[in-house]
Amino acid sequence: MGSVRTRYAPSPTGYLHVGGAWSAFFGWLFARHHGGAFILRIEDTDRSRSTQAYEAAILEDFRWLGLRWDEGPDVGGPVGPYRQTERAPLYARYAQELVARGAAYPCYCTPQELDAERKAAEAARRPHRYSGRCRALTDAQRAAFEAEGRRPSLRVRVAEGAEPIVIDDLIRGRVVFDPEHLDDYIIVRSDGTPLYNFANVVDDHLMGITHVIRGSEHLSNTPKQFVMYRALGWEPPAVAHHPTILGADRKKLSKRHGDTALRDYRDQGFLPEAMLNFFALMAWHPEAEREVYSIDELIRGFRIEDVGAASPIFDLEKLTWLNGVYMRRLLEADPDRVVELCEGILRRAGLPVAEDAAGRRYLRGVIDVVGERLKVGRDIVVYGDFFFRDVVFDTGAVAQYLKPQAAPLLAAYADALAALGPFERGGIERALREVCARAGVDARALVHPARVALTGKTAGPGLFELIEVLGRERAVARLRRGAAMAAGEGVEGP
RNA sequence: GCCCCCAUCGUCUAGCCUGGCCCAGGACGCCGGUCUUUCAAGCCGGUAACGCGGGUUCGAAUCCCGCUGGGGGCACCA
C-alpha cells in the first residue's frame, strides 16, 4: 500500500475533543505506518455552528499534540481546497450528476412538515420513515411547488429491493445492511449547502482517500454513503470504525466526566508524548507486556486490524501515571522543557515567576528539588506553591507539628541558619543536626516542624534542598514565625 | 420501536482468527512491605476477570446458538 491516504475531518464547532484527537491519531498512525499521507479537512458546512476561531484552535491543538498533516486548509495540497465551504461548486456538480442519473431527486417537503410526520410516527409508536411523497413528482407538480416559492432539498433515492450493502470493516469485519431500513435521505439542504453524508463522499473520493478511519457512530452512515459511491460509479474507500471513548459511567465521554477538550489537558501540564502514548493504549496495545512506547515504535507497530471493537473507558489515573513517567524522563533529557511547562502553569495560577535570568534560575532550582514529584505540570502548584508565595498553612499540619516543644528548636535553627557560612544543603543539614544534638533530641523532632513552618505542609521535597532554594532570608523568617506559632503566640504573616 | 455494534480483573488490555502451553499474562488503581526527614518515585509482595444459559468437542476464554447487559444510529448535525 504505497499510496495510502487517510484524513481527519473535524467540524470547527468546538475545541478538539480527546475522542477526536484519538481518532485522528489512529488515522495518522495508519498513514505514517504505510508511508502515506494524512490529510486534514475542515467540515464546516453547518455554518450556524462553525467558526473560524475554532478551526484555528483545532489546528493549534493538533500542532501541540505533534500530529502533522501533509495536506490541509493551511498548507494546501493538490486536491484542495480543504475547507468544505470552499468546495461548493464540487458538491453542486455531483448533486447534478446524481439527479441526472436518477439517483437523487428534489424534495419539496418543509422541515416543519417533516417534523410533523416524525412526531406523528413517534406518537403512534411506529418507526418513522420518510413518506416518499416527493419521490415521483411530475414536472407540473414540481413547477407548482416552485411557484409557491418552495426551495427543494435533494434526496437520494434508495432503490427498492436493492442488494444488501456489504461493508468489510477493517476493525469489525463484515457488516451487512439491508437497504430496506434505509430511508431516502437528504444530501443537499434547500439552501443548496451539502450535508455530511454527501459532502463526505464527494470529498473522500476527490481527495483520493484510501482508508476512512472514524468512530463507530458513523458505522450506520456507511451504507448510505456506499449507495452514493455506487450511484456515482466510484470505488468506495476501505473503512475502519473504531469504538468511542466512554466515561466512567459507560456513557459517551462528555463534559460531565471532566475535561474533554485536548487543550484542557495541555493547560494542566500533560505532555503531548504522554497523551499519544496513552491514546495507543485505548482499544489497542502494541505489545502484551509493555506500556511505554516512542512514537516511532507506535508507527512501526500499528496495525488497524489489531484495534479493538469494544469501547474503552477514559482512565485519567492511568494517563496521570503515564504522564509522570514522561515527566521524569523529560527531567533527565530536557529539564528546560519542564521549567517552561511549569512557568506557564504558575503564571496561570497567579504565581508568576520573574521573567529575568534570576527568576528563571530560581524556577530551575525549584524544579531541581520538586521535579521528580511532578506527575502533571500543575503539581508544581500543589507541591511547590510556597516557593512562590507566602506559606499557606495546612491546619492539620500545624496542629500536629507546631507544638510548644518545637518552638525553641525552630528558633535555634533559625539562628543557626542566619549564622551559617555558605548557604548550601550540606551546611544546612549539619546545622540542623547540631541543633538537635545540642538539645538531645532526634532530628525528626525538628525536621517535621521545620517543614511545616517553611512550607505549610507535611509532605514535599527534601527539607535541606528546599531550604537552600528558598534562600536564607525567607527560611530564617519563616522558621522564626514558626517558632512563635509553636509557642502559641498566634502570629500573623510576616 | 427499528437497524447496527460490543462483552476477559474496578479500569486499560494480552490471549480468541489457527480450541489443549491459561485453575488466564501485563499495566493503572488499591492493599501491605522496603527505602527515607515527609511525600512522590523505585523495589518486593498481594488483591482482582473469561456476563448468563445451552450446544459442538476427549478438551472452550477461544467455535455455534440463545439470553442478558452496554453502546451507537434512525436530523435540511457532524
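Every chain is numbered from 1 and lettered A, B, ... according to where its sequence line falls, protein lines coming before strand lines. Scope of the values below: all heavy atoms of this structure, side chains included, with no hydrogens, waters or symmetry mates. Model, not experiment: these values are computed from the prediction.
Counting non-hydrogen atoms under 4.0 angstrom, A:L463 reaches a base of the nucleic acid. Contact annotation for A:C107: no contact, since no heavy-atom pair falls under 4.0 Å across all strands. Counting any heavy atom pair closer than 4.0 Å across all strands shown, A:T110 reaches a base atom. Residue-level contact check: A:A310 touches the backbone only, with heavy atoms under 4.0 Å from sugar-phosphate atoms and none from bases.
Between B:A40, B:C12, B:U37, one nucleotide has an atom nearer to the side chain of A:P312 than all others, and that is B:C12. Of the candidate nucleotides B:C28, B:G71, B:C77, B:C77 has the atom lying nearest to any side-chain atom of A:R49. Nearest to the side chain of A:H448, among B:A78, B:U37, B:A40, sits B:U37. If you check B:U37, B:G73, B:C77 against the side chain of A:E465, the one that comes closest is B:U37. Of the candidate nucleotides B:A78, B:G73, B:A40, B:G73 has the atom nearest to the side chain of A:K252. Here the side chain of A:K224 is nearest to one of B:C74, B:U37, B:C28, namely B:C74.
When the side-chain nitrogen and oxygen atoms of A:R250 are compared with OP1 and OP2 of B:G10, none of them lie within a distance under 4.0 Å. For A:R290 and B:G26, the shortest distance from a side-chain N or O to OP1 or OP2 is not below 4.0 Å.
Between A:E317 and A:C109, the residue anchored closer to the 5' end of RNA chain B is A:E317, taking for each the nucleotide with the nearest heavy atom.
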